[in-house]
Amino acid sequence: MNKKINKLYQSYFKSDDIFKNISLLGLGCYAFLLPFMQNPFSPLFPELENFSRFQITDIIFITFSPFFIVEFFKKKDYLFKNYKLQIFSCIIYLIIIFISIKDFSIIDSYFQLFAALYLILLFFAFLVVVSSKFDLNFLIKAVLISIFLNVCLSLFSLFILYLFDIRWDYIIQETRIFPYLGKVPRLIGPFKPTAKLLASYLTLTTPAILALGYLLKRKSRVILFFIGISSILIYPFTLARGIVGFLFSLTFLSYYFQNNILQRYLFKFLTFITTISFLSVTILSTIYISDINIKYSFDNNLNHPNTQYFYYLPNKGKETISNEISFARDHYFLLKKAALIMIKENPLGVGIDNFQKSLSQLEERKIMPKGLSFYPTPQSQLLFAGSERGVLGILSVIFLFISWIYPLFKRRKNLIIFASMGSLFALCFIDSLHLEILRFRFLWFYTALIITYAKIYFPDKKIRSDVLEDIN
């Protein structure tokens, strides 16, 4: 019996280091459960306001954190040698948050700092634990299984909804008031509570999955293409503004393939669709058109002079078409405008957790409409950082994004890294216009995964354009 257990253990873990293996197992559980955010319909601790977003994956991280800490101290030299830029950017990011706390007596001010610290620890836990191709492939398998289940659950929920009119509340959310569309079903997947999480998740993973499917063979290719194509099909049902970032990531991937006329036309087509989507989302995020009236009239004046080029009808005279559009300002636009006003008036920021309070003051000054302070953030990562932490906050976020993309840019000849770089760029510099993406656990986790892949398969001293080896 002991021999069988030992053989099973050795088949999953090549290292004899128990702490390392337990840490790897913890990351595997985290990777698998990452899309299945809440437990399963409501927060774990609904009575505690500040802990209402505490999720299953957080319990996993806390449980395995002692082993992560041991690995950190064992491999601190490896970490500082290979990830200096990422360490420096994260430290700057934390410092800016800390110095932006205006009132240390308010407990709520610390939660943003603690959340950032937790996500950074998650990021570096991955970097120190995963130090070999075997470790990386183990976690890639966990991630792929998780994504496969996520896509299958989403497809199944859409199937039973539109064929049998059965709505699975865990996967489908119905928005009561949705601009232009009214009351429509909205796909959220296993993520809770909004569709923006699933949308960003698909943006981050879909191009890399398609790239991996292109490189692998046989059954692996079929499965990965199924996941990738299914992700593209289910994305529109999220009704997310992140569609621009999603299309950009696919367009970016298509740029890699320019070998024949069909591939070049595909790239041009996706570029056109992405541009149209960007313009549409920008307009729809600026104004809400409530009514359009087109009126036709004529003045019955029969004495208008005709020319050899144009003539007035004898029974109508001068004809007029007038267009009247009634609209209101979209909350996305107003929130961003408010954030820009805060940055202009407070270059060092209004302070952590003070956006809503400052927005209320703008309402009192009649600069912003009443009720807008319902929203606690400007729903934009860069403007959120700028409004609460000032110009230095914006710079710290941009520096953090650059520290993630730079190691991928150096290795961009590899298809998987190229695809992942496009996804990361789309999230960091396009989706971040409408979302606070640095709150997403999966962003930090998958960013660590792709950076680790880039570093392990293509070390700094030997940057090559090889493709990924088959995942056995």
Side-chain angles (χ1 to χ4, degrees), residues 5-6 8-40 43-45 48 50-80 82-83 86-87 90 94 111 113-147 149-150 190-192 197 201 204-205 438-453 455-456 471:
I5 294 174
N6 187 50
L8 180 65
Y9 175 84
Q10 290 178 349
S11 66
Y12 281 94
F13 304 105
K14 289 190 174 181
S15 173
D16 293 328
D17 188 336
I18 296 179
F19 282 91
K20 162 68 179 295
N21 293 338
I22 293 176
S23 299
L24 189 61
L25 178 63
L27 286 178
C29 294
Y30 195 101
F32 176 74
L33 292 173
L34 194 52
F36 308 95
M37 301 294 276
Q38 300 205 7
N39 185 21
L44 293 176
F45 305 104
L48 301 176
N50 290 316
F51 292 92
S52 61
R53 296 182 180 180
F54 201 79
Q55 298 162 357
I56 296 174
T57 48
D58 302 326
I59 295 176
I60 293 174
F61 183 82
I62 292 172
T63 302
F64 288 90
S65 58
F67 301 97
F68 298 150
I69 293 172
V70 171
E71 288 300 302
F72 174 79
F73 283 106
K74 285 168 55 179
K75 297 180 179 177
K76 59 182 183 298
D77 293 336
Y78 166 82
L79 186 66
F80 284 100
N82 291 279
Y83 301 104
Q86 290 74 31
I87 292 172
C90 287
L94 279 176
F111 279 96
L113 178 64
F114 291 152
L117 182 61
Y118 160 64
L119 292 169
I120 288 172
L121 290 176
L122 170 64
F123 180 77
F124 285 109
F126 194 105
L127 298 183
V128 296
V129 172
V130 182
S131 56
S132 70
K133 293 181 180 181
F134 176 83
D135 301 338
L136 186 63
N137 289 346
F138 174 78
L139 290 177
I140 288 175
K141 291 176 183 177
V143 167
L144 291 177
I145 293 172
S146 177
I147 296 173
L149 291 176
N150 185 18
F191 290 94
K192 295 287 183 178
L197 291 168
Y201 176 81
L204 189 61
T205 59
L438 288 178
R439 294 183 174 187
F440 299 162
R441 294 163 179 81
F442 60 80
L443 174 62
W444 293 82
F445 189 88
Y446 290 142
T447 299
L449 187 150
I450 191 58
I451 291 176
T452 304
Y453 164 70
K455 291 278 188 175
I456 289 177
I471 299 175

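When a residue number appears, it is its place in the shown sequence, counting from 1.
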Let's go through Tyr201 and Ile147 carefully: what are the C-alpha distance in whole Å and the side-chain angles of both, what is the deciding distance for side chain to side chain contact (heavy atoms under 4.5 Å, CB included) to 0.1 Å, and is it a yes or a no?
CA-CA 9 Å; Tyr201 176 81; Ile147 296 173; 2.8 Å; yes
Between the main-chain N or O of Leu438 and the side-chain N or O of Trp444, is there a donor-acceptor pair closer than 3.5 Å?
yes
How many angstroms lie between atom CG of Asn150 and atom CZ of Phe32, to the nearest 0.5 angstrom?
10.5 Å
Which pairs, with at least one residue in residues 23-33 and sequence neighbours excluded, count as a salt bridge (charged side-chain N to carboxylate O under 4.0 Å, His left out)?
none
N/O donor-acceptor pairs under 3.5 Å from side chains in residues 22-31, not counting sequence neighbours:
residue : atom : partner : partner atom : Å
Ser23   : OG   : Phe19   : O            : 2.8
Ser23   : OG   : Phe67   : O            : 3.3
Tyr30   : OH   : Tyr118  : OH           : 3.0

Is Tyr446 close to Leu34 at the side-chain level, that is, under 4.5 Å between some pair of heavy atoms?
yes
Sequence neighbours excluded, the answer for ring-ring contact (aromatic ring centres under 6.0 Å, His included) partners of Phe440 is Phe442
Distance col, row Tyr453:OH vs Lys133:NZ, nearest 0.5 angstrom, shows 9.0 Å
Locate the shortest heavy-atom distance separating Leu127 from Tyr78; write the atom from each residue and the value.
O-CE2, 3.7 Å
Heavy atoms of Leu149 and Phe36 approach each other most closely as CB-CZ, 4.0 Å
Side-chain (Asp58) to main-chain (Gln55) donor-acceptor, under 3.5 angstrom:
yes
In Å, rounded to the nearest 0.5 Å, how long is the span from CG of Asn137 to OG of Ser132?
8.5 Å
Arg441 CZ to Leu122 CG distance, which is reported to the nearest 0.5 Å
9.5 Å
If you take all heavy atoms of Lys75 and Val129, which pair is closest and at what distance?
NZ-O, 3.8 Å
Quick one: pull up CG in Leu449 and CD1 in Ile140 and give me the separation to the nearest 0.5 Å.
5.5 Å
With no hydrogens and no angle check, is any side-chain donor or acceptor of Thr447 less than 3.5 Å from a backbone partner on Leu443?
yes
Taking C-beta and beyond as the side chain, do Thr452 and Leu139 meet within less than 4.5 Å on heavy atoms?
no
Taking all non-hydrogen atoms of both residues, which atom of Asn82 and which atom of Lys455 are closest, and how far apart?
O-NZ, 2.9 Å
Does some side-chain heavy atom of Val130 sit less than 4.5 Å from a side-chain heavy atom of Phe138?
no
Can you confirm whether or not the ring centre of Phe126 sits under 6.0 Å from the ring centre of Phe445?
yes
Indicate, with yes or no, if the rings of Phe61 and Phe68 have centres closer together than 6.0 Å.
yes
Rounded to the nearest 0.5 Å, what's the gap from CD1 on Ile120 to CZ on Phe124? Could you check?
7.0 Å
